[in-house]
Amino acid sequence: GNDSGDTTITVLAASSLTETFTQLADQFEKDHPGVTVKLSFDSSATLAQQAVDGAPGDVLATADTGTMDTARDALASDPKVFATNTMVLVTPADNPAGITGFQDIEQGGVTYVVCVPTAPCGKVAAALLDDNGVQAKPASQEVDVKSVLAKVTSDEADAGFVYTTDAQAARDAVETFEIPQSADEPTSYPIATLDQSKESDLAQQFVDLVTSADGQAVFTAAGFGTP
Amino acid sequence: MADDTMTAGLSATVRVDGRLDATITADAGDVVAVIGPNGAGKTTLLRALAGLVPAAGQVSVGGRSWTSPPVLVRDRNLGFVFQDQSLFPHLSALDNVAFGLRSRGTSRAEADATARAWLERFGVGDLAARRPRELSGGQAQRVAIARALAPAPDLLLLDEPFAGLDVGVATALRIELARHLASYDGVALLVTHDAIDALTLADRVLVLDEGVVAQTGAPRDVAARPVTDHVARLVGLNVIREGETFRSFSPSAVTVSLGQPEGSARHRWHGAVLGLAPHGDAVRVLVAADRELIADVTPAAAAELGLAPGREVWLSVKQTAVETWSRDPA
Amino acid sequence: MADDTMTAGLSATVRVDGRLDATITADAGDVVAVIGPNGAGKTTLLRALAGLVPAAGQVSVGGRSWTSPPVLVRDRNLGFVFQDQSLFPHLSALDNVAFGLRSRGTSRAEADATARAWLERFGVGDLAARRPRELSGGQAQRVAIARALAPAPDLLLLDEPFAGLDVGVATALRIELARHLASYDGVALLVTHDAIDALTLADRVLVLDEGVVAQTGAPRDVAARPVTDHVARLVGLNVIREGETFRSFSPSAVTVSLGQPEGSARHRWHGAVLGLAPHGDAVRVLVAADRELIADVTPAAAAELGLAPGREVWLSVKQTAVETWSRDPA
Amino acid sequence: MTRSARPLGRPPLVLVVPGTVAAALLVLPLITLVLDTPWGSFWDEVRTQAVRDALRITALASAVTVVACLVLGTPLAWLLARVDFPGRSVLRAAVAVPLVLPPVVAGVALVTALGRHGVVGALLRDAGLTIPYTTTAVVIAHTFVSMPFYVLSVEGALRAGGEQYDVVAATLGADRWTTFRRVTLPLAMPGVMAGAMLAWARSLGEFGATITFAGNYPGTTQTMPSLIYGALQADPQVARTLSMVLLVVSLAILAALRNRWLTTP
Amino acid sequence: MTRSARPLGRPPLVLVVPGTVAAALLVLPLITLVLDTPWGSFWDEVRTQAVRDALRITALASAVTVVACLVLGTPLAWLLARVDFPGRSVLRAAVAVPLVLPPVVAGVALVTALGRHGVVGALLRDAGLTIPYTTTAVVIAHTFVSMPFYVLSVEGALRAGGEQYDVVAATLGADRWTTFRRVTLPLAMPGVMAGAMLAWARSLGEFGATITFAGNYPGTTQTMPSLIYGALQADPQVARTLSMVLLVVSLAILAALRNRWLTTP
Ligand SMILES: Nc1ncnc2c1ncn2[C@@H]1O[C@H](COP(=O)(O)OP(=O)(O)OP(=O)(O)O)[C@@H](O)[C@H]1O
Ligand SMILES: Nc1ncnc2c1ncn2[C@@H]1O[C@H](COP(=O)(O)OP(=O)(O)OP(=O)(O)O)[C@@H](O)[C@H]1O
Ligand code: MOO
Ligand SMILES: [Mg+2]
Ligand SMILES: [Mg+2]
């Protein structure tokens with residue numbers, strides 16, 4: 001690579017990394033004058049698919065190992081897990097259904113939402129519901145976790161299954177409750193450089209930043225777990 | 001102006017900016033022929049009476065005002081034969097004719113029966129199921145007339161209803177129309193370019209010219225003493241106007257010569273031949289003098305004089321062949 | 001059949017299933033009047049010649065076949081005045097007339113100038129900028145005729161071009177058309193319901209009836225010896241057909257009586273009055289005998305006989321007033 | 001023989017060439033999509049409960065959408081085309097707005113209006129009516145995004161037809177409703193049919209507004225497009241097969257209706 | 001006075017009531033959406049580089065889409081309406097298919113055809129042309145999903161107009177191209193305009209096919225809808241503001257064009 005002049009690297013990252021990666025990209029640009037980091041956020045599955053199809057990009061970061069697997073043909077380095085996440089139950093700030101703990105979602109009249117079972121967040125939610133023997137059906141299976149959060153913050157649902165990081169990002173908009181056994185069902189966020197990268201050194205440096213202590217601090221602050 | 005007059009028939013004054021300013025009255029049961037050159041405002045007059053063109057003025061029919069308060073088109077109980085027929089393209093001939101009956105509340109069965117009877121009467125009963133585009137021009141015209149007559153309207157507005165009809169059908173329709181009009185109190189306005197219609201079918205003639213009423217009267221009077229070139233042509237007369245005095249003479253009374261005529265002919269004109277056309281056994285010659293005049297000459301005379309467009313000729317007519325009159329104050 | 005004949009004029013045999021089967025020939029420069037009742041197939045004939053209706057048969061114009069190999073409509077160099085005008089609604093009168101010139105390659109400036117001249121000639125020069133919907137019926141008709149004539153076509157197909165025209169304009173157009181046709185080798189087919197057109201403008205008359213050619217010939221011959229009821233009506237004659245023998249007599253030769261006539265009248269009929277209409281100074285009576293007959297009587301006689309629809313009467317005519325002839329083998 | 005199939009001549013290259021390019025652009029991706037589909041698993045996919053439910057809800061929502069367009073959209077198009085009322089041009093522009101909104105935003109708009117805390121939704125909820133997460137919500141979302149296509153298409157047809165025959169009907173004594181039923185509407189039929197087809201097709205493909213406003217629950221609010229979107233996240237091959245199910249079903253209906261509609265003008 | 005604004009009478013309730021319901025259904029969510037928008041931050045949002053880029057790409061893609069529709073779609077509509085060729089009804093149905101596809105599936109179809117490993121895409125790549133993930137890909141995706149609306153609308157208008165005047169033009173010696181230019185197209189203009197508007201609007205709201213086929217790269221392939229979708233995941237308030245930007249811009253254009261188009265028939 002070269003550090004001279006207008007160089008750009010493109011990072012394909014899962015939507016749940018929007019805040020943290022934006023922060024890290026700023027950091028990276030500061031550390032590497034003349035380098036611009038472009039971020040393309042989308043769902044992990046879409047990004048993995050695009051990476052395989054040769055979409056321009058230097059780094060890929062997904063929200064679960066399964067999707068990273070589908071992109072393995074396009075990877076230039078072995079994926080490294082840089083963060084983990086667990087699920088919590090959130091309710092709207094005013095908690096209209098009067099939920100006091102996880103068990104209350106079984107109450108009649110409580111409307112709760114989860115992700116579709118095909119999405120990473122849905123797989124985890126399904127496992128947790130199963131582990132806890134919950135019978136009540138969700139009102140909706142949202143396509144991604146942000147849609148679940150949106151349903152809760154807009155008061156359309158009484159409760160929803162989201163990641164700890166989402167709950168933390170939503171701050172006062174939600175009230176958060178622990179889900180029993182959630183620590184048994186963590187998700188992992190892997191990152192890798194891509195074959196098509198023309199700036200493989202810079203790409204690797206970005207991966208290094210993400211996995212460095214500085215990077216880990218950003219994730220911890222946002223509520224992620226560390227591997 | 002007839003603003004406050006309410007007759008049992010029709011009484012109307014209508015003004016359309018730049019196109020029409022006409023007053024018309026007719027007794028119950030009358031047929032009024034509306035004649036005038038192309039663009040005189042005949043169609044505009046009919047549309048204004050029907051309420052289809054925004055017009056100032058007033059209209060009353062059968063003792064009832066249609067204008068104060070305004071009466072909706074659909075409540076005017078009129079029948080309109082449009083110059084372009086305007087048959088509903090998606091309906092069969094039968095449904096076209098039944099339309100007016102059904103929209104005035106007649107049951108389907110009854111409306112169909114009545115409509116069928118009208119089609120039969122006009123000789124197109126066997127075409128009842130056809131769409132307008134499967135009809136010939138004259139067949140469509142008959143359906144359009146049947147459609148306007150079927151609901152027995154108070155005011156019939158017929159815009160050149162006999163155009164495009166073959167002579168047999170036109171005669172039959174004239175008879176049918178006369179019979180129909182005789183039996184009810186409605187008023188019919190009949191726009192026509194045909195002298196026969198105006199002279200035979202109408203009780204009164206209204207002559208329009210450039211949007212104003214040039215003459216009204218009994219057909220025979222209008223034909224004998226036309227005040228517009230158009231009517232003069234229609235009845236085949238030469239008419240010369242000087243102020244409010246008119247003089248007319250027949251084309252056959254006109255002598256055509258190459259040299260300036262001498263002797264007793266008091267009226268003489270000089271001009272170029274515009275055109276020639278056979279006219280019955282004679283040849284009709286159109287000459288551009290200080291006005292356009294027509295003369296009928298024998299084919300032999302035409303050949304002898306070498307008449308052809310552009311040829312300069314003299315026309316003369318004897319005083320005895322000229323009728324002179326003044327226009328009645330309108 | 002004239003399948004192999006190629007004349008300098010028009011030679012055609014066209015068949016349209018169930019609607020038409022006609023052979024027509026015309027010399028260069030001829031005007032052929034096409035007459036016949038509504039629905040006879042006149043419009044269909046014109047459309048078939050133009051190639052607008054799928055038709056079997058052959059057409060050749062100016063010595064060139066239009067059918068083997070088939071010539072596209074646009075390459076036929078014809079002019080068509082449609083019965084419903086069909087002016088392009090989105091173009092001004094001027095652009096309508098210039099259209100044919102421009103699509104045949106004339107420059108815009110020249111086409112506009114020519115088009116303007118045609119509009120002037122037909123008295124609608126001041127309306128050049130108007131769209132069709134802003135024209136009166138007769139004004140639109142004139143634009144349609146100008147549009148068809150402007151490109152000087154080899155074959156002119158005129159479907160009731162004078163319908164809706166006022167008498168002055170119609171006369172002027174007849175003259176204009178005659179002048180136009182005299183100066184070039186084209187053939188004109190003129191569909192008309194007007195005896196005047198057929199008799200004065202045409203070199204030949206073609207009578208259509210139910211899709212077949214009933215009669216062709218010089219106007220005068222056809223008028224004198226009509227073989228269809230329609231032409232008889234058109235020229236105001238009673239015609240009686242027995243096989244290939246025809247007898248005709250004028251309505252004024254018919255005597256109307258209430259009792260069975262005696263004496264020398266060899267031809268007599270009994271029937272009910274269908275209708276009455278004024279006809280000039282006379283009253284025209286339509287009677288349903290074994291066929292429909294017309295009789296002209298004086299108004300006084302009509303009153304005296306109490307003629308009214310439904311009244312049973314006898315009609316008789318003297319042998320001396322009857323003309324008898326056979327149809328020429330077609 | 002004057003009988004000729006093409007009396008107006010052969011279509012000119014200047015039209016045939018771009019027309020063919022357009023057709024290729026539209027058709028080629030479909031062909032490759034069909035070729036890339038794992039047809040072996042087609043019938044297995046079709047038989048699953050989730051697909052059957054989703055097909056049912058999609059069919060229901062698109063059918064109701066078409067009915068809503070006909071019943072509600074037609075009068076609206078007529079008002080816009082024929083009646084001169086104050087604010088007409090503002091309303092006309094407003095009706096076109098849902099066309100411009102990304103579907104997800106359209107869903108957000110519906111939530112603000114009809115959601116549990118929406119202006120109207122709150123009222124309805126007090127009256128005991130909950131719309132979100134029900135099949136009703138799916139139908140509303142579909143109607144909201146599809147109806148503008150219908151209204152614009154029909155308004156165009158009504159305007160193109162003109163008022164000429166309305167006027168003729170009035171001279172025959174017909175009131176406006178009779179005129180509408182017996183004259184205006186039949187004459188605008190090609191536009192109504194084209195509009196209904198556009199709205200129906202748009203409804204079949206809709207998922208952004210639905211997933212935002214109605215959620216995504218199998219058996220009540222999950223439509224075929226939602227199901228396909230979900231599958232795309234997990235297994236693109238399954239998603240393709242599901243797309244083919246939607247495609248085959250709608251093509252069958254299209255082929256059955258379209259030619260009939262368009263060839264009887 | 002016979003002068004009357006409504007000679008045909010007042011619009012009947014049986015049309016006014018459903019028309020009003022339809023208008024309310026379409027307009028109410030928009031009003032609540034507008035009311036719920038944090039307008040305070042409107043100008044700040046409009047000024048960001050991301051929004052400016054996205055607006056530029058959206059404007060470009062929708063403009064090119066309209067041009068492609070006019071140039072390519074019009075001939076296709078004409079072929080479908082006027083020329084009798086074998087396979088016409090199959091092509092007609094095929095042209096309608098992209099309407100039915102959920103946009104994301106449309107994107108997948110484009111990938112199978114024009115992607116790096118796609119049938120055509122591989123050929124193009126050998127020729128040195130890469131389409132996916134470029135602004136060209138955005139334009140193609142927009143055209144693919146929007147053109148069917150245009151073609152159907154224009155084909156309908158061409159059919160409704162009929163061949164009558166084409167025939168008249170032929171009798172005046174005009175070849176088919178001249179006839180198309182001077183007669184057919186001008187008479188179908190209301191349909192062309194309506195179709196162009198539908199296609200343009202559809203293109204403005206498009207994101208499913210774009211994000212799948214072209215990706216979501218700020219500055220090259222990120223359109224307003226993609227940006228809004230992303231923002232919706234992160235901060236719904238920002239998403240609303242962005243939606244309003246898209247809405248205001250397109251409404252301004254709509255209002256400017258629509259009334260003019262529709263009122264000159
Ligand atoms: N929509 C319009 N806009 C402007 N002028 C018009 C419009 N319609 C008609 N005119 C003009 O108004 C005048 C009167 O037209 P109108 O149709 O009443 O004539 P008309 O007497 O019926 O003629 P015709 O015998 O040819 O049918 C004509 O000069 C015509 O050109
Ligand atoms: N599209 C059609 N389908 C079926 N029959 C038709 C169609 N067009 C015309 N006809 C019928 O063919 C016959 C001939 O029609 P054509 O239009 O040639 O008559 P015409 O001689 O021009 O009559 P007119 O003097 O009334 O214009 C008529 O009986 C008519 O009803
Ligand atoms: O961050 Mo994800 O891929 O939307 O679960
Ligand atoms: Mg008129
Ligand atoms: Mg005819």
Side-chain angles (χ1 to χ4, degrees), chain B residues 35-44 83-85 123-124 127 135-142 159-160 162-172 174-176 178-179 191 193-196 199-201 229-236 274-280 284 286 292 294 309, chain C residues 35-44 83-85 123-124 127 135-142 159-160 162-172 174-176 178-179 193-196 199-201 219 229-236 274-280 284 286 292 294 309:
Chain B
I35 61 178
N38 294 138
K42 305 181 295 297
T43 299
T44 306
Q83 197 165 1
D84 66 352
Q85 298 156 358
V124 284
L127 307 177
L135 298 173
S136 81
Q139 290 162 348
Q141 186 69 26
R142 292 187 234 175
D159 204 348
E160 306 193 25
F162 304 132
L165 292 181
D166 71 55
V167 61
V169 173
T171 306
R174 282 190 187 98
I175 290 169
E176 188 61 51
R179 184 198 294 170
V191 173
H193 287 297
D194 188 337
I196 306 224
L199 293 176
T200 64
L201 206 58
D229 281 349
H230 169 255
V231 179
R233 285 284 167 70
L234 196 66
V235 298
L274 279 178
L276 298 127
H279 186 75
R284 178 152 285 187
L286 183 66
E292 289 192 3
I294 46 178
Chain C
I35 61 178
N38 293 139
K42 305 180 295 297
T43 299
T44 306
Q83 196 165 1
D84 66 351
Q85 299 158 357
V124 284
L127 307 177
L135 298 173
S136 80
Q139 291 163 347
Q141 185 69 24
R142 292 186 231 177
D159 204 349
E160 306 193 23
F162 304 133
L165 292 182
D166 71 57
V167 62
V169 173
T171 305
R174 282 190 186 98
I175 291 169
E176 188 61 51
R179 182 197 296 169
H193 287 297
D194 188 336
I196 306 224
L199 294 175
T200 62
L201 205 58
D229 281 348
H230 169 255
V231 180
R233 283 284 166 69
L234 197 64
V235 298
L274 279 177
L276 298 126
H279 186 74
R284 180 153 280 187
L286 183 66
E292 288 192 3
I294 45 178

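Order of the sequence lines sets the chain letters (A, B, ...), proteins ahead of strands, with each chain counted from 1.
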Requested in this report: Identify, with sequence neighbours excluded, every residue that meets side-chain contact (heavy atoms from CB on, under 4.5 Å) alongside B/L127.
Outcome: B/V124, B/R130, B/L135, B/Q139
Requested in this report: Identify which of B/G36, B/G39, B/A232 forms the greatest number of heavy-atom pairs closer than 4.5 Å to chain C.
Outcome: B/G39
Query raised in the report: Within a strict 4.5 Å, meaning less than it, do heavy atoms of the B/L165 and C/H193 side chains meet?
Result: no
Query raised in the report: Picking from B/Q85, B/K42, B/R142, which has the most non-hydrogen pairs under 4.5 angstrom with chain C?
Result: B/R142
**Report entry** Among B/P309, B/G137, B/A163, residue most engaged with chain C (heavy-atom pairs, under 4.5 Å)
**Finding:** B/G137
**Report entry** Expected output: side-chain C/D166 to main-chain B/N38 donor-acceptor under 3.5 Å
**Finding:** yes
Query raised in the report: What residues form a side-chain contact (heavy atoms from CB on, under 4.5 Å) with C/D194, not counting sequence neighbours?
Result: C/R174, C/T192, C/I196, C/D197
